[in-house]
2 protein chains.
Amino acid sequence: MENANKNNHFNPAFVCGYKDPDAVRELLTRVGDRWSILLILTLFKLHESRARFSELENSIPGISQRMLTLTLRNLERDGLIERELFPEVPPRVEYELTNLGKSLIRPLEGLIDWVTINWEEVNKAQVQYDSK
Amino acid sequence: MENANKNNHFNPAFVCGYKDPDAVRELLTRVGDRWSILLILTLFKLHESRARFSELENSIPGISQRMLTLTLRNLERDGLIERELFPEVPPRVEYELTNLGKSLIRPLEGLIDWVTINWEEVNKAQVQYDSK
DNA sequence: CGGCATCCGTTCCGATACTG
DNA sequence: CAGTATCGGAACGGATGCCG
């Protein structure tokens with residue numbers, strides 16, 4: 001994204017009260033991808049924000065090994081989780097939320113709560129919209 | 001998504017404390033797409049949660065006409081915004097957040113706040129990760 | 001066990017052109 | 001002004017096979 005609009009009055013960076021719309025967008029691509037939030041929340045709910053690879057794989061129905069790996073890598077790169085390899089045979093790998101990652105739990109749960117409360121109304125709106 | 005895992009102990013629908021992981025995922029695809037959040041927040045910040053098409057187009061740098069239209073349609077379908085057409089020449093169309101849409105503002109701002117506070121740390125983590 | 005590499009279909013989305 | 005239609009590249013993500 002180039003530096004876009006000189007007219008800050010209509011720049012959402014101004015309008016929305018934050019400085020870096022690209023940062024927001026980058027987070028949102030992470031938040032919005034298919035598995036990141038489920039992964040973070042699942043990791044949080046498992047014993048002390050810590051779990052091994054296979055446990056996560058079993059705890060998130062439908063995720064493929066590939067996407068679990070990729071999602072874990074991205075979150076590790078963002079500093080939200082830490083990876084620890086135990087050099088055993090067979091190998092054991094454990095993932096744990098960092099403090100940064102844990103700090104994301106509350107805002108994420110805010111979203112989840114909204115869904116829980118309002119999803120039925122969203123569904124009704126969709127049905128009504130589609131009937132026309 | 002098939003009905004997946006019978007073992008609810010490891011079903012994130014159970015683990016994360018919500019009933020409908022598909023609903024969560026469907027919201028997240030909306031939340032996570034390139035423009036929805038910016039659009040909702042921009043609409044909220046403009047005069048009384050209401051703006052016309054061209055105003056939104058100018059307020060969101062980088063959005064294409066096509067994506068603005070599509071994003072507006074999807075949000076309208078979800079019941080988060082309402083569209084009002086004034087049959088003038090040239091036509092005028094105004095969009096407004098519904099109460100349902102406004103109720104999403106707070107959790108969204110929770111996310112934005114998190115980004116504002118923590119993005120620098122995320123960036124440092126990324127740089128450090130990439131240097132290896 | 002916990003990956004990585006490859007292939008491949010699907011979806012996303014920007015660019016462009018056209019319209020009431 | 002506020003759209004719609006079409007095209008094509010890019011990104012996403014599932015399936016499969018291999019490997020230390």
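Naming: A, B, ... by sequence-line order, numbering from 1 per chain. If you're wondering where the values come from, they're calculated on a predicted model, not measured in any experiment.
To the nearest 0.5 Å, atoms OG (B:S59) and CG (B:L39) are separated by 10.0 Å. Expressed to the nearest 0.5 Å, how far CG of A:L104 lies from CD of A:E109 amounts to 10.5 Å. Rounded to the nearest 0.5 angstrom, A:K132 NZ and B:R77 CZ are separated by 12.5 Å. Here the CG atom belonging to B:L108 is positioned 11.0 Å from the CG atom belonging to B:D113, to the nearest 0.5 angstrom. Here the CD-NE2 distance, from B:E96 to B:H47, works out to 11.0 Å after rounding to the nearest 0.5 Å. Expressed to the nearest 0.5 Å, how far CG of B:L100 lies from CG of B:L75 amounts to 10.5 Å.
When the P atom of C:dG14 is taken as reference, atom CG of B:L68 falls 11 Å away, rounded to whole Å. Atom CG of B:L38 and atom P of C:dC13 are 12 Å apart (whole Å). Here C:dC4 presents its P atom at 13 Å from CD of A:E57, a figure rounded to the nearest Å. Distance CE (A:M67) to P (C:dG3): 15 Å, rounded to an integer number of Å. Separating the CG atom of B:L70 from the P atom of C:dG14 is a distance of 10 Å, rounded to the nearest angstrom.
Each of A:Q65 and A:D33 was assigned the nucleotide of DNA chain D with the nearest heavy atom; the assignment lying further toward the 5' end belongs to A:D33.
Axis angle, first five pairs versus last five pairs of the helix from C:dC1-D:dG20 to C:dG20-D:dC1: 40°, rounded to 10°.
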Cut-off 3.5 Å, no hydrogens considered: what does the side-chain donor-acceptor table look like for residues 60-70 of chain B, sequence neighbours left out?
from	atom 1	to	atom 2	distance (Å)
B:S64	OG	B:M67	N	3.2
B:T69	OG1	B:Q65	O	3.0

Requested in this report: Decide yes or no on side chain to side chain contact (heavy atoms under 4.5 Å, CB included) for B:W35 and B:T42, but give the supporting numbers first.
Outcome: CA-CA 10 Å; B:W35 302 109; B:T42 301; over 6 Å; no
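Each of B:I117, B:I105, B:L41 was checked for a side chain to side chain contact (heavy atoms under 4.5 Å, CB included) with B:I112, and the lone residue meeting it is B:L41.
A heavy atom closer than 4.0 Å to some atom of DNA chain D occurs in A:P91, these being the qualifying members of residues 78-97 of chain A. Taking a 4.0 Å limit (strictly below) on heavy-atom distances, residues 125-132 of chain B does not reach DNA chain D anywhere.
A nucleotide of DNA chain D counts as in contact with chain B when one of its atoms lies under 4.0 Å from a heavy atom; the first and last such, 5' to 3', are D:dC1 to D:dT6.
Atom CD of B:E82 has 12 or fewer neighbouring heavy atoms from other residues, nucleotides or ligands inside a 6.0 Å radius. No more than 12 heavy atoms of other residues, nucleotides or ligands lie within 6.0 Å of CD in A:E48, so this atom counts as exposed by the packing criterion. Within 6.0 Å of CD in B:E84 there are more than 12 heavy atoms belonging to other residues, nucleotides or ligands.
Looking only at distances, a side-chain donor or acceptor of A:T98 sits under 3.5 Å from a matching main-chain atom of A:G79.
Under the 4.5 Å side-chain criterion, counting only non-hydrogen atoms from C-beta, A:S36 is not in contact with A:N74. Taking 4.5 Å as the limit, some side-chain heavy atom of B:L72 sits within range of a side-chain heavy atom of B:F53.
Side-chain heavy atoms closer than 4.5 Å link hydrophobic residues (I, L, V, M, F, W, Y) into clusters, and following such links, possibly through other members, connects A:L43 to A:L85.
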Distances for protein N or O near nucleotides 7-11 of chain C N or O, under 3.5 Å:
none

